[in-house]
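Okay, structure first, notes after.
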Number of protein chains: 2
Amino acid sequence: MASDAAHQTMPPAQQLGDDDVVELIELLYFAYRDFTSDPDALLAEFGFGRAHHRVVHFVGRNTGISVAELLDVLKITKQSLARVLRELVERGFVEQRTGDADRRKRLLHLTDEGRKLHQRLMAPQMARVREAIAHAGADSGPVMQQLLYGLVNAQDRDQVERIVTS
Amino acid sequence: MASDAAHQTMPPAQQLGDDDVVELIELLYFAYRDFTSDPDALLAEFGFGRAHHRVVHFVGRNTGISVAELLDVLKITKQSLARVLRELVERGFVEQRTGDADRRKRLLHLTDEGRKLHQRLMAPQMARVREAIAHAGADSGPVMQQLLYGLVNAQDRDQVERIVTS
DNA sequence: CAAAATATGTCAATATAGCTGACATAAACT
DNA sequence: AGTTTATGTCAGCTATATTGACATATTTTG
């Protein structure tokens with residue numbers, strides 16, 4: 001991509017050794033493991049799993065999202081989504097409303113209960129991210145943002161940006 | 001261009017808004033998803049999964065590790081490890097050597113083939129981490145390290161540090 | 001030395017979260 | 001009217017994890 005042509009704009013500066021990079025790879029594994037542990041514990045109380053979490057989250061963040069759009073964000077099959085979505089609807093966390101303009105569409109919304117669950121799932125992760133940023137220096141937020149974008153597949157960055165910037 | 005995807009700049013640090021933190025949470029999800037995609041594809045060629053990856057990785061990084069130690073690092077049950085380990089041994093990627101001092105122990109080593117696989121699994125992740133660091137500024141490596149430590153459960157940080165600093 | 005603890009392995013049953021393929025229905029578009 | 005789109009559903013498969021029970025070899029301890 002054209003973005004990689006800019007290698008000469010930044011001087012190589014301080015080169016990271018292989019050992020440092022491997023340490024970062026392992027840290028990413030442990031960090032992600034713990035990052036997901038709080039929601040996992042809460043979800044278990046409801047008999048839910050990570051799949052439910054992702055649906056609650058992205059429906060919560062994109063009120064009125066269609067099933068197809070949700071599948072595109074989650075990159076899973078509709079058969080995989082079906083079970084999870086049915087459980088969330090049956091238990092009153094998610095609501096399906098027939099589309100107004102296009103009545104084939106089932107637009108997804110969180111119920112009040114769903115919003116409450118969403119908040120409870122996010123709270124510990126927000127605290128954890130804030131703690132990490134405090135740990136790395138108060139100005140490390142934008143660096144974290146850049147780092148994470150850089151880890152995303154280059155060809156997906158634009159889509160991801162559209163998704164995450166509400 | 002793609003490299004400009006993240007240029008919706010955040011307020012000059014110190015106080016991150018909730019929206020910024022939520023964005024980081026979502027980015028962490030997408031970043032980790034893509035971070036694991038290259039190894040996943042390679043593993044699939046061998047009929048292996050992430051479980052095999054983790055075993056190859058931690059055995060490769062801790063030559064002579066015992067089964068119990070490996071279980072402690074991975075935090076899975078021995079029954080879960082058994083199948084994966086058996087497959088890796090049968091197909092010649094991992095070797096079990098009876099402990100010298102304690103002959104109950106099975107000390108785990110990578111074979112030459114195992115080391116080759118380990119390198120092939122790490123290569124794309126190392127490239128991705130280096131790219132992310134370049135994307136976030138050449139001096140962002142140490143910040144990334146601090147951020148990731150900060151995401152780990154506080155009570156586990158010492159153990160994680162022991163594991164990742166070879 | 002006998003007994004207990006440890007390190008590992010194995011069998012069986014279960015859960016979850018994903019997958020592919022095939023087919024069905026309603027609504028919209030051409 | 002016929003085709004495409006959006007969604008749902010049935011059936012069967014895989015991978016990865018779990019718990020519980022039990023087996024074996026070896027080391028440690030009383």
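All chains are named by letter (A, B, ...) in the order of the sequence lines, taking the proteins before the strands, and each is independently numbered beginning at 1.
Not one N or O on the side chain of A/R106 forms a donor-acceptor pair closer than 3.5 Å with the backbone of A/V67. A side-chain donor-acceptor contact under 3.5 Å links B/H135 to the backbone of A/Q146. No donor-acceptor pair closer than 3.5 Å links the side chain of B/R97 to the backbone N or O of B/L107.
Here A/F46 and A/F93 bring their ring centres to under 6.0 angstrom of each other.
A/A44 comes within 4.0 angstrom of no nucleic acid atom, judged by non-hydrogen atoms across all strands. Among the heavy atoms of the strands, none lies under 4.0 Å from A/R86.
In this structure, B/Q79 places its CD atom 19 Å from P of D/dA15, rounding to the nearest Å. Atom C1' of nucleotide C/dT10 and atom CG of B/L81 are separated by 13 Å, given to the nearest angstrom. To the nearest angstrom, P of C/dT16 lies 19 Å from CD1 of B/I76. Counting to the nearest Å, the P atom of C/dG18 and the NZ atom of A/K78 are 17 Å from each other. Protein atom NE2 of A/H52 is 13 Å distant from nucleotide atom C1' of C/dG18, rounded to whole Å. Remark: C1' of C/dA15 and CG of A/L43 are 16 Å apart, rounded to the nearest angstrom. Residue B/E87 contributes atom CD, which lies 8 Å from atom P of D/dA15 at whole-angstrom precision. In this structure, CD of B/E90 is placed 13 Å from P of C/dG9, rounded to the nearest angstrom.
Counting only heavy atoms from C-beta on, A/R104 has its side chain closest to D/dA6 among D/dT26, C/dC19, D/dA6. For A/S80, whose side chain is taken as the heavy atoms from C-beta onward, the closest listed nucleotide among C/dC19, D/dT7, D/dA17 is C/dC19.
Distances shorter than 4.0 Å separate some side-chain N or O of B/R83 from OP1 or OP2 on D/dT16. Applying the 4.0 Å criterion to OP1 and OP2 of D/dA17, one finds that B/T77 has every side-chain N and O outside that range.
Between A/D18 and B/R130 a salt bridge is recorded (basic side-chain N to carboxylate O distance below 4.0 Å).
Take the nearest nucleotide of DNA chain C for A/R54 and for B/Q96: the residue whose nucleotide is more 5' is B/Q96. Residue B/K105 is the one, among A/R106 and B/K105, whose nearest nucleotide of DNA chain C lies closer to the 5' end (criterion: closest heavy atom).
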